[in-house]
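Presented below is the structure to which this report refers.
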Amino acid sequence: MTDTKPVHTEIAAHAEGEVATVVIDNPAMLNALTIEVLSELAGQIGAAGARPDVRAIVLTGAGPRAFSAGADVNALAAIEGPAAARVFIGRIHAVCEAIRTAPVPVVGAIRGYCFGGALEIAAACDLRIAAADAQFGMPEVRLGIPSVVEAALLPTLIGWGRTRRLLYTGETIDADKALAWGLVEELTEPADLDAAVARVVADIRACGPKSIRDQKKLMQAWERLPLAEAIAAGAEAFADAHRTDEPARMIAGFLAERAARKAR
């Protein structure tokens, strides 16, 4: 399914369920985060996650040059006063919140530029796979504003020192450094990015649909809970998994497959 808006969602059906690909589709502006783009992104990610058969969401930018170059500078220039600033930054946070609260994993497929608010959105994704030509940066301080909202996720990904370096200097790092720092989980040649993302998504689709949704929910709980409570939440999730036949079915299938391999 496609539409003419600056964000569109494509649904691919598989035997195990659906994969939703949400595309920032304004390559002429390097997929900049305009107010319209931000509103559409939040809504379409939320709608994709609400589909009962969806197994994963892929978030990417159209064209070869950019995942997204970040917040539209013209929109930033139009901000007048603290109230308007809160409204604008709230739109970026709404996109990140839609990603983080989506019931299934969200995979960022990143090629080209990924700056500022776009890097905050990427940081909110569950996994990030980047092309070798990707570039990352948080240049807000060079525009007279701090990096905010989901930039707070960066220390858990790359550590406090590297976060300070990115945020205090506004420097750009290349894909190799992003991988070495842990900002992305996998690096691939630009022509191979879609295939690399498809392999990861296929692995997700091969897992139990309820267990993946439970795991995403548990990961979110682990981020905010003290260790003892996080462990207790995990134990409860394990018990809850057995309210359905999914564990029994999938374990039986695994054992049958293993027996078949031994018999060959």
Side-chain angles (χ1 to χ4, degrees), residues 1-11 20-50 57-102 106-125 128 130-131 133-154 166-167 170 172 183 193 197:
M1 299 187 301
T2 61
D3 55 44
T4 59
K5 294 179 180 179
V7 177
H8 71 265
T9 300
E10 303 165 358
I11 302 295
T21 299
V22 180
V23 184
I24 308 170
D25 194 0
N26 191 5
M29 290 183 62
L30 299 177
N31 300 319
L33 302 175
T34 64
I35 290 173
E36 185 181 7
V37 164
L38 291 169
S39 297
E40 285 292 327
L41 262 182
Q44 293 196 36
I45 292 168
I57 299 170
V58 176
L59 177 60
T60 194
R65 298 178 61 198
F67 174 74
S68 168
D72 176 29
V73 177
N74 291 323
L76 291 176
I79 294 174
E80 295 183 359
R86 288 189 184 94
V87 170
F88 182 83
I89 203 62
R91 292 178 184 274
I92 294 179
H93 172 63
V95 175
C96 296
E97 188 70 4
I99 292 168
R100 286 169 55 75
T101 58
V106 180
V107 181
I110 302 167
R111 52 171 57 87
Y113 302 127
C114 182
F115 293 151
L119 183 47
E120 293 164 27
I121 289 170
C125 292
R128 288 152 294 277
D133 64 354
Q135 299 180 56
F136 302 86
M138 298 294 290
E140 286 90 340
V141 289
R142 298 193 178 194
L143 300 177
I145 51 179
S147 297
V148 293
V149 292
E150 271 67 20
L153 295 171
L154 290 174
L166 279 182
L167 272 56
T172 296
L183 186 56
L193 179 61
V197 171

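No hydrogens, no waters, no symmetry mates; every other heavy atom, side chains included, goes into these values. Computed from a predicted structure; not experimentally measured.
The ring pair (Phe, Tyr, Trp, His ring centres under 6.0 Å) test applied to Tyr113 returns Phe115, not counting sequence neighbours. By the side-chain contact (heavy atoms from CB on, under 4.5 Å) test, Ala122 pairs with Phe67, Ile110, Cys114, Leu119, Arg128, sequence neighbours left out.
In terms of heavy-atom proximity, Ser68 sits nearest to Ala32 at OG-CA, 4.1 Å. In terms of heavy atoms, Ala20 sits closest to Thr9 at CB-CG2, 4.3 Å. What you find for Arg91 and Ser39 is that their closest heavy atoms are NH1-OG, 2.7 Å. When every heavy atom of Leu33 is checked against every heavy atom of Gly117, the shortest pair comes out as CD1-C, 3.7 Å. When all heavy atoms of Ile57 and Ile45 are compared, the closest pair comes out as CD1-O, 4.0 Å. Ala151 and Glu120 get closest at one heavy-atom pair: N-CG, 3.6 Å.
Looking only at distances, a side-chain donor or acceptor of Asn31 sits under 3.5 Å from a matching main-chain atom of Ala66.
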Going by atom type alone, with no hydrogens or angles, which donor-acceptor pairs under 3.5 Å involve a side-chain atom of residues 133-146 and a protein atom two or more places apart or on another chain?
| unit_1 | atom_1 | unit_2 | atom_2 | d |
| --- | --- | --- | --- | --- |
| Asp133 | OD1 | Gly112 | N | 3.4 |
| Glu140 | OE1 | Ser147 | OG | 2.8 |
| Arg142 | NE | Thr169 | O | 3.0 |
| Arg142 | NH2 | Thr169 | O | 2.9 |

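Put simply, the side chain of Glu150 does not reach to within 4.5 Å of the side chain of Ile99, judged on heavy atoms. With a 4.5 Å cut-off on side-chain heavy atoms, Val37 and Val95 do not count as touching. In this structure the side chain of Leu59 reaches within 4.5 angstrom of the side chain of Cys125, judged on heavy atoms.
Annotation: the span from Asn74 atom CG to Ile79 atom CD1 amounts to 11.5 Å, rounded to 0.5 Å. If you take CG on Leu153 and CD1 on Ile121, they are separated by 12.0 Å, rounding to the nearest 0.5 Å. Interatomic distance, CG of Asp72 versus CE of Met29, reported as 4.0 Å (0.5 Å rounding).
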Inset, instruction - List the steps, then state whether side-chain contact (heavy atoms from CB on, under 4.5 Å) holds for Val7 with Glu36. - result: CA-CA 9 Å; Val7 177; Glu36 185 181 7; over 6 Å; no
